[in-house]
Novice: 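Let me give you the structure first, and then I'll get to my questions.
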Amino acid sequence: MSGLAMPKADSETLARRATIVADLSAIVPGEGVVETVNEMRAFESDGLTAYRQLPLVVVLPETVAQVSRVLKYCNEHKIRVVPRGSGTSLSGGALPLEDAVLLVMSRFNHILSIDYPNRVVVAQPGVTNLGITRAVEEEGFYYAPDPSSQIACSIGGNVAENSGGVHCLKYGLTANNVLGIEMVLMDGEVVRLGGRHLDAEGYDLLGLMTGSEGLLGVVTEVTVRILKKPDTARALLIGFPTSEQGGQCVADIIGAGIIPGGMEMMDAPAIRAAEDFVQVGYPLDCEALLIVELDGPAVEVDHLIGAVEAIAIRNGSTTCRISQSEDERLAFWAGRKAAFPAVGRISPDYYCMDGTIPRKELPRVLHGMRELSEKYGLGVANVFHAGDGNLHPLILYDANKPGELEAAEAFGADILRLCVEVGGVLTGEHGVGVEKRDLMPEMFNETDLDQQIRVKCAFDPGHLLNPGKVFPQLRRCAELGRMHVHRGQVAFPDIPRF
Amino acid sequence: MTTFTPTTAAEMLSAAQWALSEEAPLEIVGHGSKRGIGRPVQVEHVLDLSKLTGVTLYEPAELVLSAKAGTPLAEIEALLAGNGQQLAFEPMDYGPLLGEAPGRGTIGGVLAANLSGPRRLKAGAARDHILGIHAVSGRGEAFKSGGRVVKNVTGYDLSKGLAGSWGTLAVVTDVTFKVLPAAETETTLAVRGLYDEQAAAAMALAMGSSAEVSSAAHLPYPAVARINGGRFGSDAATLLRVEGFAPSVTARLAMLTALLKNAGPLEEIAAEASKSLWRDVRDCAPFAGADDRPVWRVSMAPSECHVMVMALRRQTAVDAFYDWQGGLVWLRMESGDPEAELLRAFVRKHGGGHATLVRASAADRAALPVFQPQPPALAALSARLKEQFDPKAILNPGRMA
């Protein structure tokens, strides 16, 4: 691991491994405990493959009662636990720890109920994102958030990461589409938040859980909203000579009151890599390529296609093609969807970043990236969820060349600093995990981070659940709990009356 | 009694630090338009945020607006409307229901109460649109969370965590909300004369179609006679709102009309009338005014709500109307007794949900749990969160108890 400090393994836990394995095998009998090095190898990393670590032991529970007992056992014996869904995290959220039980939720793979009148599906957390859509598509419904890993990623993992996707500008993130969850706390308590009804009262613990990266609780059931599939979808493929023009076109589309189903931008290196790979006729003479997808009733889509085309031409587009068939629409998307593997063809390795910026800052950030690219001597290609400002720079490097991984990581960190500097954030949808953990102070001061850790203290005061992730330094709850105010010593001894 | 009226976040922070050092609890108010909701806060000192005002950032093309917490909601809505935009979650105005003037309320209060409206079904509530906050905790610490961009998973979403917390975890000083284009036009299709059960079926059919219905409400008699200035007559009205670009609204309305042609007599209500109609539904107009009969706001699975109401009616007299495809029911208890245990038992029996006593005398609010009581493990978790953020209980103590 390149310079990544993880919590020091607890030697007592390591020494008691055999007992722990036996105890866990009693809780989850049969093939629910995986403990040989060979078998555990499959779990040693997630989607961020630069980091690998074998866990203490892998446990694959099948029932909520087992999850509860495993966590209660680990809590009582002060054993760390790393929860894992499908292991597609791009930020190392499910990276194992040497002294931690890896709690794999993949056997929770059933859809529990489909309720069309109320438009909800209740699923176990190991069901894939696409699995929910597959279960309801015959009736014309779908689940809206569509992270690009949707064929593999689990709905429980989506809750942990607050996953997005290309459609989230119009249809929202996971947080906006989940109505309820059942979860198990580190002490084994089973808690239900929300349900089939909207806006459960009390503190919005569901809002806190969504995107909490497995540090607060283990999700054992998810209730999501499903939507009727739009009647039609058509796309425009628009090329611009400069990224400024592309950015202005996006602003003007939104300024016209149009919220497209998807709006994606690619820069010149990404366009070239994609076109070389899939050959769908992307124009190679432009600096910015925009894909705008409009969905809804056919009448609306036709109306808006015309409006967007006019905006594109006004902004000096050099190419503006409108999909005339479903095949053509899919062809427009084929290059974008293949952008990552396409970049993989032109470079031995690539490192995918995930900052979000105010959209208007795109030209400045792209310019800054070109400078950084020269400084580090590494290429970069950009794909961009243009509607919501979520940028995915792909840094090209060769892990076999000494120092290039480190340079790529430093380049990536500089890009994220730039995102924060222009008013953006470190991560739009991939999560902090271990990858961006040490950059958190770029965005938050110590007091800001303390408040987040206080949430952690309410859920898991022993810091046993997924430690080493998200927070650069997990301050002890007892220390955080101390009050630093004493009578007569505050900065404002007189009663202030404004 | 002291009233602190900070005009800056720094003054707000020093007030909180004073309260902490003196262990002198504060009641947190903006305009006080929702002061009558929740358990009465009986403390000596008031923190009044109504002078902490001003829109600090509004970039229509970026779909983002930031304001200080005490900024009047009305001012923000007017600013957005001038740019063809809106808060899509349509925050309701509790004023009329609570016997207060309409049009009051601050943007901070919108978040603290997690307000929403009939468009909740499609567009979400305040929690779904908040992007970032600055706040001061009950520990007297100023902090921020989130940012100004829509897509952000950097750290825990404390902004959502403060939604619906009624000022009991931290006092928000600045908010940043996502804003969205306002629809070009809207039309409402009304199906007349349906019983609650038929209405639930019609609304489920409409919401399950691709007509993209953004709001679905059902007003039985007598509630129906008390909206839209009485112009609706006394036949029950099941209302389906279709919003968007004109050609799309026309097409989707035709789709709905075909879908519901056998459901009952249909009427179309055009743009302006439709808007005022949904404002009435949003603000609970049927039960508004100087009336002290208790009013409940109950959220359940849409298909269960009317069944629960039917069962409840056999035990006590209630007046009811439905929003959110039937999943939100407003209930006025005609006898004057809130009947909290009875109602909550029926909610539990019919699949669960939550019942909030939004209008009641101070005595009833002091004696009864205004908010839905939570199961022990959840209540303990919430209490631990409160302890983390406000260990000395200086912020609105007891309000959510």
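Naming convention: chains lettered A, B, ... in sequence-line order (proteins, then strands); numbering from 1 in each chain. All heavy atoms count here, side chains included; hydrogens, waters and symmetry mates do not. Note that the structure is predicted; figures quoted are calculated from it, not measured.
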Novice: What is the distance from atom CG of B:Asn114 to atom OH of A:Tyr203, rounded to the nearest 0.5 Å?
Specialist: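 Output value for this atom pair is 14.0 Å.
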
Novice: Could you tell me which portion of B:Thr168 (side chain, backbone, both or neither) has an atom closer than 4.5 angstrom to a non-hydrogen atom of chain A?
Specialist: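 Answer is both: backbone and side chain atoms of B:Thr168 are under 4.5 Å from chain A.
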
Novice: Please classify the contact of A:His430 with chain B as side chain, backbone, both or neither, using a heavy-atom distance under 4.5 Å.
Specialist: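 Backbone of A:His430 only, per the 4.5 Å heavy-atom cut-off to chain B.
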
Novice: Which atoms of B:Ala355 are under 4.5 Å from chain A, going by heavy atoms: the side chain, the backbone, both sets, or neither?
Specialist: backbone

Novice: Measure the acute angle between the ring planes of A:Phe471 and B:Tyr156, then classify it against the limits of 30° and 60° as parallel, tilted or perpendicular.
Specialist: perpendicular

Novice: Which one wins on heavy-atom pair count under 4.5 Å against chain B: A:Asp115, A:Asn390, A:Asn162?
Specialist: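 It is A:Asn390.
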
Novice: Between B:Leu205 and chain A, which part of the residue has a heavy atom less than 4.5 Å away: side chain, backbone, both or neither?
Specialist: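 Nothing of B:Leu205, per the 4.5 Å heavy-atom cut-off to chain A.
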
Novice: Checking heavy atoms, do the side chain of B:Ala142, its backbone, both or neither come under 4.5 Å from chain A?
Specialist: backbone

Novice: Quick one: CG on A:Leu449 to CZ on B:Phe143, what's the gap to the nearest 0.5 Å?
Specialist: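 It comes to 12.0 Å.
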
Novice: Check whether the side chains of B:Arg139 and A:Gln451 place a donor and an acceptor atom closer than 3.5 Å, and report yes or no.
Specialist: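 No - no donor-acceptor pair under 3.5 Å links their side chains.
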
Novice: Could you give the distance from CG (B:Leu381) to CD (A:Glu189), rounded to the nearest 0.5 Å?
Specialist: 9.5 Å

Novice: Could you walk me through whether B:Arg252 and A:Glu300 satisfy the side-chain contact (heavy atoms from CB on, under 4.5 Å) test, starting with their C-alpha distance in whole Å, then the side-chain angles of each, then the deciding distance to 0.1 Å, before giving a yes or no?
Specialist: CA-CA 9 Å; B:Arg252 285 182 285 145; A:Glu300 175 175 323; 4.1 Å; yes

Novice: Would you mind checking which part of A:Cys477 comes under 4.5 Å of any heavy atom in chain B, side chain (CB onward), backbone (N, CA, C, O), both or neither?
Specialist: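 Neither part; nothing is under 4.5 Å.
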
Novice: Find out whether A:Arg359 and B:Val64 are in side-chain contact, i.e. whether some heavy atom of one side chain is under 4.5 Å from a heavy atom of the other.
Specialist: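 The answer is no; the side chains never approach within 4.5 Å.
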
Novice: Would you compute the distance between atom CD of B:Glu304 and atom NE2 of A:His197 and round it to the nearest 0.5 angstrom?
Specialist: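 B:Glu304 atom CD to A:His197 atom NE2 measures 12.5 Å (nearest 0.5 Å).
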
Novice: Counting heavy-atom pairs under 4.5 Å with chain A, which one of B:Pro391, B:Ala135, B:Pro302 comes out on top?
Specialist: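 Of the options given, most contacts go to B:Pro302.
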
Novice: Picking from A:Val470, A:Asp450, A:Leu304, A:Val190, which has the most non-hydrogen pairs under 4.5 angstrom with chain B?
Specialist: A:Leu304

Novice: Please state whether the side chain, the backbone, both or neither of A:Met440 comes within less than 4.5 Å of a heavy atom of chain B.
Specialist: side chain

Novice: Checking B:Gln85 against chain A: side chain, backbone, both or neither under 4.5 Å from a heavy atom?
Specialist: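 Neither part.
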
Novice: Would you give the length of the straight line joining atom CG of A:Leu227 to atom CE of B:Met207, rounded to the nearest 0.5 angstrom?
Specialist: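 Answer for the CG-CE pair, A:Leu227 versus B:Met207, is 8.5 Å.
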
Novice: By a 4.5 Å heavy-atom criterion (distance strictly below it), what part of A:Ile259 contacts chain B: side chain, backbone, both, or neither?
Specialist: side chain

Novice: For A:Tyr116, is it the side chain, the backbone, both, or neither that has a heavy atom closer than 4.5 Å to a heavy atom of chain B?
Specialist: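 No part of it gets close to chain B.
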
Novice: If you tally heavy-atom pairs under 4.5 Å against chain B, which of A:Gly172, A:Ala175, A:Gly423 wins?
Specialist: A:Ala175

Novice: Does any heavy atom of chain A fall under 4.5 Å from the side chain of B:Lys392, the backbone, both, or neither of them?
Specialist: side chain

Novice: Name the option with the most non-hydrogen atom pairs under 4.5 Å to chain A; the candidates are B:Val249, B:Val149, B:Asp157.
Specialist: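 Looking at each option in turn, the highest pair count goes to B:Val149.
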
Novice: Could you pull out the closest heavy-atom pair between A:Arg196 and B:Ala301, with the gap in Å?
Specialist: CB-CB, 3.7 Å

Novice: Using heavy-atom distances under 4.5 Å, tell me whether A:Phe459 contacts chain B through its side chain, its backbone, both, or neither.
Specialist: both

Novice: Evaluate the criterion side-chain hydrogen bond (donor to acceptor under 3.5 Å, both in side chains) for residue pair A:Asp231 and B:Ser210; output intermediate values, then yes/no.
Specialist: CA-CA 7 Å; A:Asp231 284 349; B:Ser210 45; 2.8 Å; yes

Novice: Need one label for B:Ser137: side chain, backbone, both or neither, based on atoms under 4.5 Å from any heavy atom in chain A.
Specialist: side chain

Novice: Which pair of non-hydrogen atoms, one from B:Pro181 and one from A:Ile254, has the smallest distance, and what is that distance?
Specialist: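 Smallest heavy-atom distance, with atoms named: CG-O, 4.2 Å.
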
Novice: Charged N to carboxylate O under 4.0 angstrom, B:Lys160 versus A:Asp204?
Specialist: no

Novice: Among A:Met443, A:Lys228, A:Arg192, who wins on heavy-atom pairs under 4.5 Å with chain B?
Specialist: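 With the most close heavy-atom pairs to chain B, the winner is A:Lys228.
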
Novice: Closer than 4.0 angstrom, basic N to acidic O: yes or no for B:Glu141 and A:Arg454?
Specialist: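 Answer for the salt bridge query: yes.
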
Novice: I'd like to know if A:Lys360 pairs up with B:Glu62 as an ion pair, taking the criterion as any Lys NZ or Arg NE/NH1/NH2 lying under 4.0 Å from an Asp or Glu carboxylate oxygen.
Specialist: no

Novice: Report yes if some heavy atom in the side chain of A:Leu173 is under 4.5 Å from a heavy atom in the side chain of B:Val153; otherwise report no.
Specialist: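 Side chain of A:Leu173 against side chain of B:Val153, heavy atoms only: no contact under 4.5 Å found.
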
Novice: Does any heavy atom of chain A fall under 4.5 Å from the side chain of B:Phe371, the backbone, both, or neither of them?
Specialist: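 For B:Phe371, backbone and side chain are both near chain A.
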
Novice: For the residue pair A:Gly164 and B:Lys151, what are the closest heavy atoms and their distance?
Specialist: CA-CE, 4.3 Å

Novice: B:Trp324 versus chain A, heavy atoms under 4.5 Å apart: side chain, backbone, both or neither?
Specialist: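 Just the side chain, heavy atoms under 4.5 Å.
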
Novice: Say whether A:Asn118 and B:Ser303, considering side chains only, have a donor N or O and an acceptor N or O under 3.5 Å apart.
Specialist: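 On atom types as modelled, these side chains qualify, holding a pair under 3.5 Å.
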
Novice: Nearest 0.5 angstrom please: A:Asp199 CG to B:Leu328 CG, how far?
Specialist: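 Result: 9.5 Å between the selected atoms.
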
Novice: If you compare all heavy atoms of B:Gln325 against all heavy atoms of A:Pro117, which two are closest, and at what distance to 0.1 Å?
Specialist: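 Residues B:Gln325 and A:Pro117, closest heavy atoms: NE2-O, 2.7 Å.
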
Novice: Against chain A, label B:Gln372 side chain, backbone, both or neither, depending on which of its atoms sit under 4.5 Å from a heavy atom there.
Specialist: both

Novice: Closest approach of B:Thr154 and A:Val432, non-hydrogen atoms and distance?
Specialist: CA-CG2, 4.0 Å

